[in-house]
Amino acid sequence: MKALGFKKTEQLLSRYGIPLCPSRLTVEKSEALDFAGEIGYPAVLKVSSLEPIHKTDLGLVKTGIKDKKELEESWDELNKKKIKKEGILVQKQLFGVEVAAGMKRDSQFGPVLMFGLGGIMVELLKDVSFRIAPLKKKDVQEMMKETKGYQLLSGFRSQKAVDLEKLIGIFLSLSELSLNESEIKEVDLNPVIANEKGAWVADPRFILN
Amino acid sequence: MDKLNRIFNPKTLAIIGAKPEEKSVGWGLMKNALQGKSKRRVFAVNPHHKEVLGVKCVPSVMSIQEEVDLAVIAVPAKIVPKVVEECCQKKVGGMIIISSGFGESGKEGKLLEDKIKETARKAGVPLIGPNCLGVIRPGNLLNATFAPALPKSGEIAFISQSGALVDSVIDENFKKNYGFSALISYGNEADVTLADFLWWAVEDPKTKVIALYLEGIKEGREIMNVFSEVSAKKPILAVKAGRSRAGKKAVSSHTGSLAGEYPVYQALFKQTGVAEADTVRELFSSAKALAWQPKCENGIAIVTNGGSCGVLLADYCQELGVKLVELSEETLKKLNKPGVMHPAYSGRNPLDVVGDALSDKYKSAIEALLEQPDIKGLIVVQTLQIMTETEKNAKIIIEAKKKWKDKPIIAAFLGGPITAPGAKILEDNHIPNYGDLKEAALAIKSLIKK
């Protein structure tokens, strides 16, 4: 199992118009500091690795970094981790509903897309739905509504409804990408952060054949 | 799928491997074939026998003078390639290979299957099977199978990956009122595939609804398109087997097909407009509704003489996404006129006309509800009290149906032998009746346009 590197991932997403939350991959602390200054705090640092690892479980993600000092500390901590990495990813921390978008290839039907709410909703509650590519807008709407978590997207209690059009757009693009890019075996965009202003992929992972 | 027409309406039928031994497959095929002897000539082919069921045997298909529209082949697998070769030389209209021992049985069988497929394709002769039960066309008295009997003729095309299931569906059909335009067991799909049968069924004027039993699909991407196009013209209902881990294991040893991931099949059905039935019983109870009643928009009403049944049906409808329409002021005005309804009637949907209701109450209720424009369909429930007029009630429904042709009516006359005469009148007139409320709710759901 080989994952696509960050640069190529970034290019692929951009080619299909899938918004990535402001991110930069670097091996230099100074560049990380500059970039964080540019995009503004709070920021996130993540170890970027091509290995099939669970980043959160291994403590390779630092979120809620408030300022320069915290960024420096977090950088040093992550940099010490003994893991094969292509660098550390600096990201703007976005807030909203965490969504998971996935793709696997079925031997009989080809690319199958998955929708679910991020985090434990996918892993523990299996509150997910599937559709076979190509997806139409109606298919995406239906697959979202099929899950219990949909309520969180359409506005729950004090939370505002997210920009569904943008979120749907990600699924339509992912459907197209899956049909065109046959060397991609599996996709895991988890989380995608959706809020009332838009939807951005925070953690993309493309597995190659 | 014009190429299948000679198969479904043969003027001549050859049973290759016909046998005189009672209870053998070759005997069963012959016995069933002869049921249609008023419609076609039947030939028995077997070099080792003189006569089967009064029909003189010929040694090979080549020795038949006339053209052969349909050849049914039931000989040992290793002889099949030679027989197929002969049938192709003879330019038969189509072949059904009953014999097993092909792709489903391993590598060697797969080679045999590839061989006969190649022969058939080269000659342009459609080949059904191998490893199948065959096809039945009740309307033509065609029974090219070793099924136990010929079922009723009707509007349902049942296309099944399993042959044995077809047999029991036929036996069960004797106590049912729906019928079949065709029953097809397609076996290993060496040449003619599920997709071909779907294309045929959508063009077949006798078929109104297609019912499927599926274990695994061979050409997933192709079927996706076929399902979408066909279901836009005629409703498709499907039971998918091999949904669980245990079921999948069983599939691999049954049809040898790949059961696949069930969530993917669920997605397939939703995306292509195929309605999934949970059980074989549900498959046919919903198919019956689709065969006899029109489809409608979502919005129905319930008439009942038992409050409990209204409550249960309301629960089922909500669970299934079937909307219960509120009664309009106009409807209520009609019902509230003195003497029209029992003073204790519910005054809402579900409309409870109360236990002691005689037929006049049912009539007023049914008419008032069907007159309301946003009520698109109706379920009429009847429980049985000593005064309940079951036959009269049935006739009222039939009269109402004549007046409101576009609105589907489904009945749930609950009970046993005392209710049966009413239920019979209903179904003889194509009002589907259900002995269970959940079944009735599922049936109305299948009629709702998406």
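So that the names make sense, note that chain A is the first sequence line, chain B the second, and so on, each numbered from 1. Heavy atoms only: backbone and side chains are in, while hydrogens, waters and symmetry mates are out. Note that the structure is a prediction, hence the values are computed from the model and not measured.
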Tell me whether the count of non-hydrogen atoms from other residues, nucleotides or ligands lying under 6.0 Å of CG in B/Asp406 goes above 12.
no

Neighbour count >12 (heavy atoms, 6.0 Å) for atom NZ, B/Lys115:
no

Are B/Arg221 and A/Ile132 side-chain neighbours, meaning at least one heavy-atom pair lies under 4.5 Å?
yes

In this structure, are over 12 heavy atoms from other groups packed under 6.0 Å from B/Lys117 atom NZ?
no

Looking at chain A, which one of B/Met224, B/Glu219, B/Glu261 has the largest number of heavy-atom pairs inside 4.5 Å, strictly under?
B/Met224

Around atom CD of B/Gln318, are there more than 12 heavy atoms of other residues, nucleotides or ligands at under 6.0 Å?
no

Are A/Arg131 and B/Lys270 side-chain neighbours, meaning at least one heavy-atom pair lies under 4.5 Å?
yes

Exceeds 12 heavy-atom contacts within 6.0 angstrom, atom CD of A/Glu70
yes

Would you mind telling me which of A/Lys138, A/Met114, A/Glu142, A/Glu146 has the largest number of heavy-atom pairs within less than 4.5 Å of chain B?
A/Glu146

Tightest non-hydrogen contact, residues B/Ala267 and A/Phe130, listed as CB-O, 3.1 Å

